[in-house]
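By convention in this document, chain letters (A, B, ...) are assigned in the order of the sequence lines, proteins followed by strands, and residues within each chain are numbered from 1. No hydrogens, no waters, no symmetry mates; every other heavy atom, side chains included, goes into these values. Computed from a prediction, not measured in an experiment: that's the story for all the values here.
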Amino acid sequence: MDNMSKEEYHASNLYRIRHSAAHMMAAAVLEKFPEAKIAIGPPIENGFYYDFDLPRTLTQEDLEEIEARMRELIAERVDFEYEEVSPDKARELFSDQPYKLELIDDILEQGTDEYGEKKDEEPTLSIYRSGGFIDLCRGPHVENSNRIRPKAVKLLSVAGAYWRGDADRPMLQRIYGTAWASPKELREHLKWLEEVKKRDHRKLVKQLDLLSFHEEAGPGLAYWHPRGAMMRMIIEDFWRDRHMAGGYDFVVTPHIGKSWLWETSGHLDFYKESMYSPMDVDGQDYYLKPMNCPFHILIYKTSLRSYRELPLRWAELGTVYRYEKSGVLHGLMRVRGFTQDDAHIICTPDQIESEILRVLRFSLALLRAFGFEEIQAYLATRPEKAVGDPARWEQAQESLKRAINAEGLAYEVDEGGGAFYGPKIDLHIKDALGRLWQLTTIQFDFNLPERFDMTYVGEDGLEHRPYMVHRALLGSIERFFGILVEHYGGAFPVWLCPEQARIIPIADRHIEYARQVEDQLREAGLRVSTDSSSSRMNAKIRDAQLMKIPYMLIIGDREVEAGQIALRMRSGARPGAMSVEDFVALAQAAVKDRALE
RNA sequence: GCCCAUGUAGCUCAGUCGGUAGAGCACUUUCUUGGUAAGAAAGGGGUCAUCAGUUCAAAUCUGAUCAUGGGCUCCA
């Protein structure tokens, strides 16, 4: 919707409107609940929120009341007045607001701002007054509430949020709202939210009979129905073909491993809370794998490796299990069992640069094949606490940077944002609704080669430590699938559709010919079915439309007579009568081009 | 894990004040054999998420558990 950068947004008028709307909302809440304690209320992407400690839980009716009052307050055209205050004055003003007092102390002592972010300048305390409402705030705000259009503001939801994001601190009530420059933009935003809801993969996978979850069998574990499994197979087959062409070899590894493996890898030290509890087998602890890397390393270590056989590129669609906390599970996006499109690249220091460029290019081509054109890169560099030779970190980061530049990708650097074991590039794609999703991660690992003592014999006859790069391009197949569903709203490109064409005989006497056509299409490699139910043609078309099947082939007396089919597209377009051969050519072209229809 | 909300037929949902359940779609059968998004009728289908409790009586009230949703935290 808006393509502003973060900096542009923070400097924008819209940012001020939202920030000021948050204040107006807090004023309305305080009016309704004079004993309320207010926390913080910043602008966020597409809106704002404010956190409150309230005597009771808010209801939907409360929200409507607060929204109505908030609009009235905005209409009163109050000035937003900035004032710098002394610590004593500030403490006096907020004497009955414990959260504000804590913020004041933090700002003074730690030089952080009211959101806990570090600031370099001398700490100053500032307040904003708007009508009777005073808030500790650095701003900026609109100069007068007449800059906010009451009809361009809407409160959306209430949710729990920890004070200062700390799970050990009190749980506050957060009211989310959205505010725009004009009522028209608000309406557009609400329409966008509707569209997001309509494309929700949790709803669509049910409607399209792709997969299910089962309460009785455990949350966060997906069951792929025939249609979903067909799509998944197509995705995986395509992935394998590409990898084969891209210079990868494949490995297949077990799902469980003894504790030795996870002690050596360090997972039991650093990652245990995300692993499923061990199972006892003959007195030994076995763990379900949360990652594939240690298994690949064991394969590496089955022989003495020479620099002449590097680089090794080993790929596996490896199914892993991670214990995700119950509250974070979310459809296919966050599950407890998923398949990573994993690979490990093991190479020498002088191969690293070309390998990184190679994998980056490879990933971009793969993502584009699925219809994701807008891609943004994020480079995360060495954090303070890190393992591995700093010179290697430097080389790794440089090679990542050069690869991004070579591909002409837009990128942001997250200084110190890398994992302790290595720097990485993440690729985020933008979906049809403009939302960003992280898919690819290309990650150096300076930790595991040490822990498992991986070596290769160099030209000099001595043992060297190889570089290891861990990469997942689609990330998790489950999550990627969910993103595809939302990106296409369930109307997948023909090459991915589980059912590409449905043959619709108008009357029973057309079924025999329909079956002949079906055979012909199957022979041509198309996924097709015949609707031989007793429904009327209109109902059959409707069923096919609801299943978002790209081609409907209507067969009646005319078609049987002429040996043709009448084509209807899921878009509603009706190319009409054509020969079976022409339709096959058309459909095969769409598959080949990975076209939408 | 935490806060809040929700859980009724395969799906989408209704169910008032506590008196042991209803619709539409889907399914089965019959009739209908049709020209681009729902032809008609009849029938079958529910331990009201689970387990306790209160009550003469619980889908309805209470508690616990499980799951889902909105968020928060987490995601080496």
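Judged by the 6.0 Å and 45° rule, A/Lys37 forms no cation-pi pair with A/Phe52.
Considering only side-chain atoms of A/Ala167, the nucleotide from B/A76, B/G39, B/U73 that sits closest is B/U73. When each of B/G69, B/G7, B/G39 is scored by its nearest atom to the side-chain atoms of A/Glu215, the top-ranked nucleotide is B/G7. Among B/G71, B/A76, B/C11, the nucleotide with an atom closest to any side-chain atom of A/Phe270 is B/A76. Among the nucleotides B/G1, B/G7, B/G39, the one closest to any side-chain atom of A/Tyr323 is B/G1. Closest to the side chain of A/Ser534, out of B/U32, B/G70, B/G1, is B/U32. Proximity note for A/Lys206 (side chain, C-beta onward) versus B/G70, B/U12, B/A37: the nearest is B/U12. Comparing B/G34, B/G70, B/U73 against the side chain of A/Val328 picks out B/U73 as the nearest. Among B/G70, B/G35, B/A76, the nucleotide with an atom closest to any side-chain atom of A/His330 is B/G70. Picking from B/U68, B/U36, B/G71 the nucleotide with the shortest atom distance to the side chain of A/Leu329 gives B/U68. Candidate nucleotides B/A37, B/U68, B/C3 were compared by shortest atom distance to the side chain of A/Met171, and B/C3 ranks first.
Note on A/Ala566: a base of the nucleic acid sits closer than 4.0 angstrom, heavy atoms only. Within 4.0 Å of A/Arg174, counting heavy atoms only, lie sugar-phosphate atoms of the nucleic acid but no base atom. If you check every strand for non-hydrogen atoms under 4.0 Å, A/Tyr421 touches a base. A/Ala419 comes within 4.0 angstrom of no nucleic acid atom, judged by non-hydrogen atoms across all strands. Residue contacts for A/Gly165: at a heavy-atom cut-off of 4.0 Å it reaches the sugar-phosphate backbone alone, with no base atom in range. Within the 4.0 angstrom heavy-atom criterion, base atoms lie near A/Met291. Among the protein residues, A/Asp166 comes within range of no part of the nucleic acid, since none of its heavy atoms lies under 4.0 Å from any strand.
Residue A/Tyr551 places none of its side-chain N or O atoms closer than 4.0 Å to OP1 or OP2 of B/U36. Between A/Arg202 and B/G69, a side-chain N or O to OP1/OP2 separation shorter than 4.0 Å is present. When the side-chain nitrogen and oxygen atoms of A/Arg509 are compared with OP1 and OP2 of B/G34, one or more of them lie within a distance under 4.0 Å. Regarding contacts with the backbone of B/C4, every side-chain N or O of A/Thr57 stays at 4.0 angstrom or more from both OP1 and OP2.
The strand RNA chain B forms stems, runs of 3 or more Watson-Crick or G-U wobble pairs with distances below 3.5 Å, at B:1-7 with B:66-72, B:10-13 with B:22-25, B:27-31 with B:39-43, B:49-53 with B:61-65.
Separating the CZ atom of A/Phe52 from the P atom of B/C4 is a distance of 18 Å, rounded to the nearest angstrom. A/Asp269 has its CG atom 16 Å from the P atom of B/A76, to the nearest Å. Here the P atom of nucleotide B/G70 and the CG atom of A/Leu193 are 13 Å apart, to the nearest Å. Going from atom OH of A/Tyr271 over to atom P of B/C75 covers 10 Å, rounded to whole Å. Per the geometry, CG belonging to A/Asp62 stands 13 Å off C1' belonging to B/C4, to the nearest Å. We find that CE of A/Met578 is positioned 14 Å from C1' of B/U36, with the value rounded to whole Å.
Checked by distance alone, A/Arg334 brings a side-chain donor or acceptor within 3.5 Å of a matching partner on the base of B/C74. One cannot find a donor-acceptor pair under 3.5 Å joining the base of B/G71 and the side-chain atoms of A/Tyr162. A/Asp508 contributes a side-chain N or O that forms a donor-acceptor pair with the base of B/U33 under 3.5 Å. Donor-acceptor pairing under 3.5 Å, judged by distance alone, is present between the side chain of A/Glu559 and the base of B/G35.
Each of A/Arg435, A/Arg199, A/Arg479 was evaluated against A/Glu486; a single residue qualifies, A/Arg435, per the salt bridge (charged side-chain N to carboxylate O under 4.0 Å, His left out) test. Results of the side chain to side chain contact (heavy atoms under 4.5 Å, CB included) test with A/Ile175 over A/Ile66, A/Leu54, A/Leu156, A/Asp51 single out A/Ile66 as the only residue that passes.
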Does A/Gln97 form a side chain to side chain contact (heavy atoms under 4.5 Å, CB included) with A/Leu30? I'd like the steps, not just the answer. CA-CA 12 Å; A/Gln97 288 293 349; A/Leu30 274 177; 4.3 Å; yes
Decide side chain to side chain donor-acceptor pair (under 3.5 Å) for A/Gln340 and A/Ser476; before the verdict, give the C-alpha distance in whole Å, the side-chain angles of both, and the deciding distance to 0.1 Å. CA-CA 4 Å; A/Gln340 289 182 308; A/Ser476 118; over 6 Å; no
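A ring-centre distance under 6.0 Å is found for A/Phe481 and A/Trp224. Here the two rings, on A/Tyr276 and A/Tyr287, have centers that are 6.0 Å apart or farther. Centroid-to-centroid, the aromatic rings of A/Tyr50 and A/Phe48 stay 6.0 Å apart or farther.
A gap of 10 Å separates the C1' atoms of B/U50 and B/A67, to the nearest Å. Distance check on atom P: B/U12 versus B/G69 gives 13 Å, rounded to whole Å. Rounded to whole Å, the C1' atom of B/G19 lies 11 Å from the corresponding atom of B/U60. The C1' atoms of B/U8 and B/G70 are separated by 22 Å, rounded to the nearest whole Å. The same atom, P, is picked in B/C48 and in B/C61; the two are 15 Å apart, to the nearest Å. Spacing of C1' atoms, B/C51 relative to B/C56, comes out at 23 Å, to the nearest Å. When the P atom is used for both B/G43 and B/A23, the distance is 11 Å, rounded to whole Å. Rounded to whole Å, the C1' atom of B/G24 lies 15 Å from the corresponding atom of B/G15.
Between A/Asp342 and A/Arg471 no salt bridge is recorded (no basic side-chain N to carboxylate O distance below 4.0 Å). Under the 4.0 Å criterion applied to side-chain N and carboxylate O atoms, A/Lys32 and A/Asp62 are assigned as salt-bridge partners. Contact check on A/Asp426 versus A/Lys424 returns a salt bridge, with a Lys/Arg side-chain nitrogen under 4.0 Å from an Asp/Glu carboxylate oxygen.
Comparing A/Leu58 and A/Pro219 against RNA chain B, the residue whose closest nucleotide sits nearer the 5' end is A/Leu58. Between A/Arg322 and A/Arg568, the residue anchored closer to the 5' end of RNA chain B is A/Arg568, taking for each the nucleotide with the nearest heavy atom.
A heavy atom lying under 4.0 Å from RNA chain B marks none of the residues of residues 474-486 of chain A.
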With a cut-off of 3.5 Å and sequence neighbours excluded, list every side-chain donor-acceptor pair involving residues 413-421 of chain A.
unit_1	atom_1	unit_2	atom_2	d
A/Glu415	OE1	A/Thr381	OG1	3.0
A/Tyr421	OH	A/Gln443	NE2	2.7

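The CG atom of A/Leu204 sits 9.5 Å away from atom NE2 of A/His201, with the distance rounded to the nearest 0.5 Å.
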